[in-house]
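Chain identifiers are assigned alphabetically (A, B, ...) following the order of the sequence lines, protein sequences preceding nucleic acid strands; residue numbering begins at 1 within each chain. What you are looking at is a predicted structure, and each value in this text was computed from that prediction instead of being measured.
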2 protein chains.
Amino acid sequence: MDKRKRILESALKLFVEFGFHATPTSKIAKEAGIANGTLFYFFPTKDDLVIALYLDIKSQMMANAALEIENKTTLKEVLKDYYSASLNWAIKHKTKFRFIEQFTNSPYLNKIAEEEIQAHIQPIYKLLKQGIKNRVIQKLDIDMIFAMLSGHTFSINQYIITKDFSKNKQAKVIDDTFELLWKMLT
Amino acid sequence: MDKRKRILESALKLFVEFGFHATPTSKIAKEAGIANGTLFYFFPTKDDLVIALYLDIKSQMMANAALEIENKTTLKEVLKDYYSASLNWAIKHKTKFRFIEQFTNSPYLNKIAEEEIQAHIQPIYKLLKQGIKNRVIQKLDIDMIFAMLSGHTFSINQYIITKDFSKNKQAKVIDDTFELLWKMLT
DNA sequence: GTCTATACACCGATAGAC
DNA sequence: GTCTATCGGTGTATAGAC
């Protein structure tokens with residue numbers, strides 16, 4: 001039940017394994033256990049499906065990170081929680097992370113409105129700006145700082161995923177790498 | 001003349017704009033100014049073309065970075081030259097960089113032998129290992145350090161590309177971000 | 001809403017002349 | 001080596017019954 005959801009789940013799995021175009025809608029329908037035509041009842045075109053999946057996962061990521069920002073005092077604490085939350089989410093939802101990765105580095109990204117992308121990263125921008133103003137983060141171009149933050153997060157995530165660490169070790173790596181990042185930015 | 005080269009160039013341009021699968025071989029041939037069948041004389045299948053293009057660009061990247069390693073004294077100097085060389089190459093060859101980006105984050109990557117990938121990154125690994133041994137770089141897992149190095153390089157590159165800086169400003173950003181990276185790793 | 005059946009466009013790859 | 005012509009397979013999307 002909830003066939004829409006089943007379609008999204010099957011599409012996610014197959015897209016990550018074979019890529020967007022190498023995955024026919026017929027296979028997605030089969031994997032979801034529904035008829036071919038039913039897919040087009042929920043998503044008028046294949047592109048609509050791909051984009052809906054992207055927006056769906058992106059909003060899950062945001063919801064996850066937003067929760068963690070509450071009730072923290074220092075900027076370092078807030079940023080660290082944001083960092084851990086992002087990494088832990090990605091570790092827990094590897095396939096979703098891989099999809100975002102693939103989507104972001106494909107021409108599909110151009111089909112998403114710029115504002116849509118901006119909305120997702122705005123909370124961190126605010127945090128960083130505040131940090132610069134309070135002289136705890138280095139006075140550098142905000143986009144540059146953001147680039148370093150996201151680049152770091154992204155690559156550490158890939159590092160953790162490939163290594164298959166224990167939960168404890170994972171937590172330690174997240175701690176250690178955050179300290180390194182913090183050292184660089186302050 | 002050299003139709004093989006023309007095919008690779010046209011493929012590069014179209015792949016980056018539309019993606020691998022959304023680019024038919026017929027369009028590549030048309031863009032290259034050759035007949036449809038001629039493409040398959042040089043590349044038996046479309047996959048062969050994609051992979052040949054990847055290997056071609058990768059070897060260009062390696063040749064570029066290798067030149068810069070010679071005749072340097074300290075590790076910091078060597079690493080900085082490697083860093084600058086990589087970034088300057090990517091800035092100069094945006095389309096090629098975008099292709100590598102797209103390819104690396106696609107299921108195509110699985111079609112490349114692991115050794116092939118390893119060969120490309122080995123020189124940096126050697127450098128980093130030496131740095132750890134000599135106690136100039138922090139004693140951390142080498143893969144973790146490599147992840148931070150490449151993640152940093154990658155994201156700073158995207159930052160520079162989106163900004164459209166002057167040559168001078170570009171050089172300054174490269175300098176500054178390397179110092180930050182160095183600060184983090186040592 | 002969901003299914004089956006199918007239209008029809010398109011693309012990768014081949015055949016064969018030159 | 002390079003071209004033209006074309007085939008066979010496949011994939012998106014629709015039509016229409018239930």
Side-chain angles (χ1 to χ4, degrees), chain A residues 1-57 95 98-99 102-103 105-112, chain B residues 1-57 95 98-99 102-103 105-112:
Chain A
M1 37 231 92
D2 200 347
K3 310 213 165 184
R4 200 190 121 93
K5 212 168 184 173
R6 283 227 304 273
I7 294 170
L8 286 171
E9 273 170 20
S10 306
L12 170 64
K13 187 187 158 192
L14 294 169
F15 284 160
V16 169
E17 192 172 353
F18 304 107
F20 305 120
H21 286 273
T23 306
T25 51
S26 55
K27 267 194 193 147
I28 299 171
K30 204 174 181 182
E31 171 89 20
I34 56 147
N36 210 310
T38 307
L39 188 149
F40 289 94
Y41 171 76
F42 289 101
F43 305 96
T45 71
K46 191 183 173 181
D47 271 18
D48 287 332
L49 169 58
V50 174
I51 288 166
L53 183 57
Y54 171 79
L55 294 175
D56 185 43
I57 295 176
T95 316
R98 288 251 161 78
F99 173 83
Q102 207 174 120
F103 185 95
N105 292 292
S106 81
Y108 269 105
L109 189 64
N110 301 327
K111 303 198 175 184
I112 306 293
Chain B
M1 35 229 87
D2 201 349
K3 309 213 165 184
R4 201 190 121 94
K5 212 168 185 174
R6 283 228 303 274
I7 294 169
L8 286 171
E9 273 171 20
S10 305
L12 170 64
K13 186 186 159 192
L14 294 168
F15 285 161
V16 169
E17 190 172 353
F18 303 107
F20 307 118
H21 286 271
T23 305
T25 50
S26 55
K27 267 192 193 151
I28 298 171
K30 204 174 180 180
E31 172 88 20
I34 57 148
N36 211 307
T38 307
L39 188 149
F40 290 94
Y41 171 76
F42 290 100
F43 305 97
T45 70
K46 191 182 174 181
D47 272 18
D48 287 331
L49 168 57
V50 174
I51 288 166
L53 183 56
Y54 171 79
L55 294 175
D56 185 43
I57 295 177
T95 316
R98 287 249 162 79
F99 174 83
Q102 207 174 119
F103 185 96
N105 292 290
S106 81
Y108 269 103
L109 189 65
N110 301 326
K111 304 198 175 182
I112 307 292

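- For the segment residues 5-17 of chain B, the set of residues with a heavy atom within less than 4.0 Å of an atom of DNA chain C is empty.
- Counting heavy atoms from C-beta outward, A:Leu49 and A:Phe42 have side chains that stay 4.5 Å or more apart.
- Rounded to an integer number of Å, the gap from A:Ile28 CD1 to D:dA13 P is 11 Å.
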Step-by-step side chain to side chain contact (heavy atoms under 4.5 Å, CB included) determination, A:Asp56 to A:Leu12: CA-CA 11 Å; A:Asp56 185 43; A:Leu12 170 64; over 6 Å; no

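- Using cut-offs of 30° and 60° on the angle between ring planes, the pair A:Phe99 and A:Phe15 is parallel.
- Counting any heavy atom pair closer than 4.0 Å across all strands shown, A:Phe43 reaches no nucleic acid atom.
- Taking NZ of A:Lys27 as the reference point, atom OG1 of A:Thr25 lies at 11.0 Å (rounded to 0.5 Å).
- Using a 4.5 Å heavy-atom threshold, the side chains of B:Leu8 and B:Phe43 count as touching.
- Only one option out of A:Ile34, A:Thr23, A:Asn36 pairs with A:Ile28 in a side-chain contact (heavy atoms from CB on, under 4.5 Å); it is A:Thr23.
- A:Phe20 places its CZ atom 17 Å from the P atom of D:dG11, with the value rounded to the nearest Å.
- Between chain A and DNA chain C, the heavy-atom contact criterion of under 4.0 Å yields a 5' to 3' nucleotide range of C:dG1 to C:dT4.
- Comparing B:Asn36 and A:Thr38 against DNA chain C, the residue whose closest nucleotide sits nearer the 5' end is A:Thr38.
- When rounded to the nearest whole Å, the span between CZ of A:Phe40 and P of D:dG11 equals 12 Å.
- As a whole-Å value, the separation of B:Lys46 NZ from D:dT10 P is 16 Å.
- Between the NZ atom of B:Lys30 and the P atom of D:dT4 there is a distance of 12 Å, rounded to whole Å.
- Under the 4.5 Å side-chain criterion, counting only non-hydrogen atoms from C-beta, A:Tyr54 is in contact with A:Leu109.
- Whole-Å rounding puts the A:Tyr41 OH to D:dA13 P distance at 18 Å.
- In this structure, the side chains of A:Gln102 and A:Phe20 come closer than 4.5 Å at one or more pairs of heavy atoms.
- The NE2-P distance, from B:His21 to D:dG11, rounds to 11 Å in whole Å.
- Counting heavy atoms from C-beta outward, B:Leu53 and B:Phe103 have side chains that stay 4.5 Å or more apart.
- Mapping A:Pro44 and A:Ala22 onto DNA chain D by nearest heavy atom places A:Ala22 closer to the 5' end of the strand.
- The side chain of A:Thr25 contributes an N or O atom lying less than 4.0 Å from OP1 or OP2 of D:dT12.
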